[in-house]
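In what follows, residues are counted from 1 in the order of the sequence shown. Atoms within a ligand are numbered from 1 in the order they appear, just like the ligands themselves. Remember, it's a predicted structure, so these values are computed and weren't measured experimentally.
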Amino acid sequence: MKFELTEEHLMIQKAARDFAQNELLPGVIERDNEQRFPAEQIKQMGELGFLGMMVDPKYGGSGLDTISYVLAMEEISKVDASASVVMSVNNSLVCWGLEKFGTEEQKEKYLKPLASGQIIGAFCLSEPEAGSDATSQKTTAIDKGDHYLLNGTKNWITNGSTASVYLVMAQTDVEAGHKGINCLIVEKDQEGFVVGKKEDKLGIRGSDTHSLMFQDVKVPKENRIGEEGFGFKFAMKVLSGGRVGIASQALGIASGAYELALKYSKERKTFGKEIGKHQAIAFKLADMATEIDAARLLCIKAAWMKDNGQNFDRAGAQAKLFASSVAMKTTVEAVQIHGGYGFVKEYHVERLMRDAKITQIYEGTSEIQKIVISRDILRD
Ligand code: COS
């Protein structure tokens with residue numbers, strides 16, 4: 001067992017760190033205030049290969065492993081979790097799903113522009129009445145011979161208005177339950193597709209989260225991913241990888257807040273010495289550093305298992321469950337260490353605290369991760 005990163009890993013980590021510091025940090029507070037999508041920065045991320053990191057270069061990707069993806073997600077998330085959620089959805093939910101389960105035609109037509117960052121994608125599973133209980137899909141895709149007729153509403157969709165391609169789960173055969181769900185590739189300009197209201201959120205305010213409406217949208221049969229009825233399994237498999245991405249996002253939010261708290265602890269003086277020299281603060285830093293290291297190991301282990309063809313469902317769920325809890329605890333403590341300064345926007349930690357909360361909710365709540373983990377533990 002080796003605990004060392006390769007030269008290539010270190011290079012990618014540095015490239016992501018430099019990009020985050022130079023391109024994302026300036027303006028991150030304003031984008032959060034104004035709920036402004038980081039359009040220019042996402043374009044640059046596409047050009048640098050961060051939007052299709054694990055995709056084979058023959059489909060426009062960077063051909064890297066999942067460990068590289070974890071490292072890059074951590075660095076980007078330290079600074080701007082609104083940018084990293086775009087990266088996570090495009091890489092793990094959209095590109096990975098298309099590369100693993102799409103047809104050659106789907107890869108040529110959709111994966112190439114998505115992986116090279118010319119366009120971005122969205123993953124549409126959640127509905128007003130189907131979040132954790134994801135099999136309760138009300139959106140329907142009625143089989144009309146050469147096409148499906150898509151009707152329904154999707155909620156909380158990341159990249160809702162900025163995506164060009166949407167992977168939409170919908171029920172074709174109600175009797176068949178989850179085995180009657182399909183995943184369809186929908187293009188934004190298709191007739192009957194309406195982008196609904198933008199959500200006004202607690203955190204990740206720069207990312208655009210929308211509801212979407214489908215009214216008699218005709219989706220050609222060749223846009224179905226996998227066999228008839230494969231949609232729910234597709235969503236579950238893709239979300240397993242997505243959870244590694246969100247775990248890495250949570251890790252980055254935590255380590256970003258920790259680095260700021262550490263720096264502040266060495267600068268700020270009270271009672272005649274730097275606050276880091278008071279045990280009350282030193283012990284907080286010790287807890288933060290230890291938990292962040294543990295979260296990073298869980299993320300890298302899940303990534304390694306994925307890269308080595310092992311079942312990583314439980315490892316991904318454990319990484320997300322733990323890292324998201326570390327993100328919450330660390331960011332709250334980082335605000336506390338900053339005292340009054342932590343409560344104002346200029347010092348960044350209050351934003352990281354608000355951004356942390358969603359990592360315990362999206363792509364499966366912490367409670368859902370406990371279902372996945374406990375079922376695996378208790379399986380015969
Ligand atoms: N990979 C492949 N197949 C999977 C799977 C996985 N990781 N997880 C579940 N499945 C399959 C099961 O094997 C089952 O298929 P069979 O009936 O053929 O055996 C099917 O999916 C249904 O699974 P299950 O019976 O376990 O469904 P439940 O309704 O009990 O739900 C959970 C399982 C709770 C794990 C699932 O609904 C879930 O992950 N919910 C959260 C969804 C989510 O993350 N929402 C956020 C939206 S994206 S922001």
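Taking the six-membered ring where the residue is Trp, Phe234 and Phe123 present tilted rings, their angle falling between 30° and 60°. In this structure, Phe50 and Phe19 have tilted ring planes: the angle between them lies in the 30° to 60° band.
The shortest side-chain heavy-atom distance between Arg205 and Asp200 falls under the 4.5 Å cut-off.
Donor-acceptor pairing under 3.5 Å is lacking for the side chains of Asn223 and Gln106. Side-chain contact, Ser255 with Glu74: a donor N or O sits under 3.5 Å from an acceptor N or O. Looking only at atom types and distance, the side chain of Glu346 has no donor-acceptor partner in the side chain of Tyr341 under 3.5 Å away. When only modelled atom types and interatomic distance are considered, Tyr59 and Glu104 share a side-chain donor-acceptor pair under 3.5 Å. In this model, a donor atom of one side chain and an acceptor atom of the other lie less than 3.5 Å apart for Ser68 and Asp65. For the residue pair Tyr166 / Gln190, no side-chain donor-acceptor distance below 3.5 Å is found, with atom types taken as modelled.
Taking every heavy atom of Ser126 and a limit of under 4.0 angstrom, the matching atoms of ligand 1 come to 47 (C). Within the listing of ligand 1, atoms 7 (N) sit less than 4.0 angstrom from a heavy atom of Ser240. Residue Arg375 has at least one heavy-atom neighbour below 4.0 Å for each of these atoms of ligand 1: 24 (P), 26 (O), 30 (O), 33 (C). Taking a cut-off of under 4.0 Å to the non-hydrogen atoms of Leu239, the atoms of ligand 1 that pass are 43 (C), 44 (O), 48 (S).
Checking Gly131, Cys124, Ala134 against atom 45 (N) of ligand 1, the nearest heavy atom belongs to Gly131.
Any N or O atom pair closer than 3.5 Å counts here, and Ile371 shares no such pair with ligand 1. The N/O atoms of Tyr362, backbone and side chain alike, include none that comes under 3.5 Å of an N/O atom in ligand 1. Ligand 1 has no nitrogen or oxygen under 3.5 angstrom from a nitrogen or oxygen of Asp133. The shortest N/O to N/O separation between Asp313 and ligand 1 falls below 3.5 Å.
Contact annotation for atom 5 (C) of ligand 1: protein present (non-hydrogen atoms, distance under 4.0 Å). Checking atom 25 (O) of ligand 1 against the protein gives no heavy-atom contact under 4.0 Å.
In Phe232, the part holding a heavy atom less than 4.0 Å from any atom of ligand 1 is the side chain. Counting heavy atoms closer than 4.0 Å to ligand 1, residue Arg243 contributes side-chain atoms (C-beta onward) but none from N, CA, C or O.
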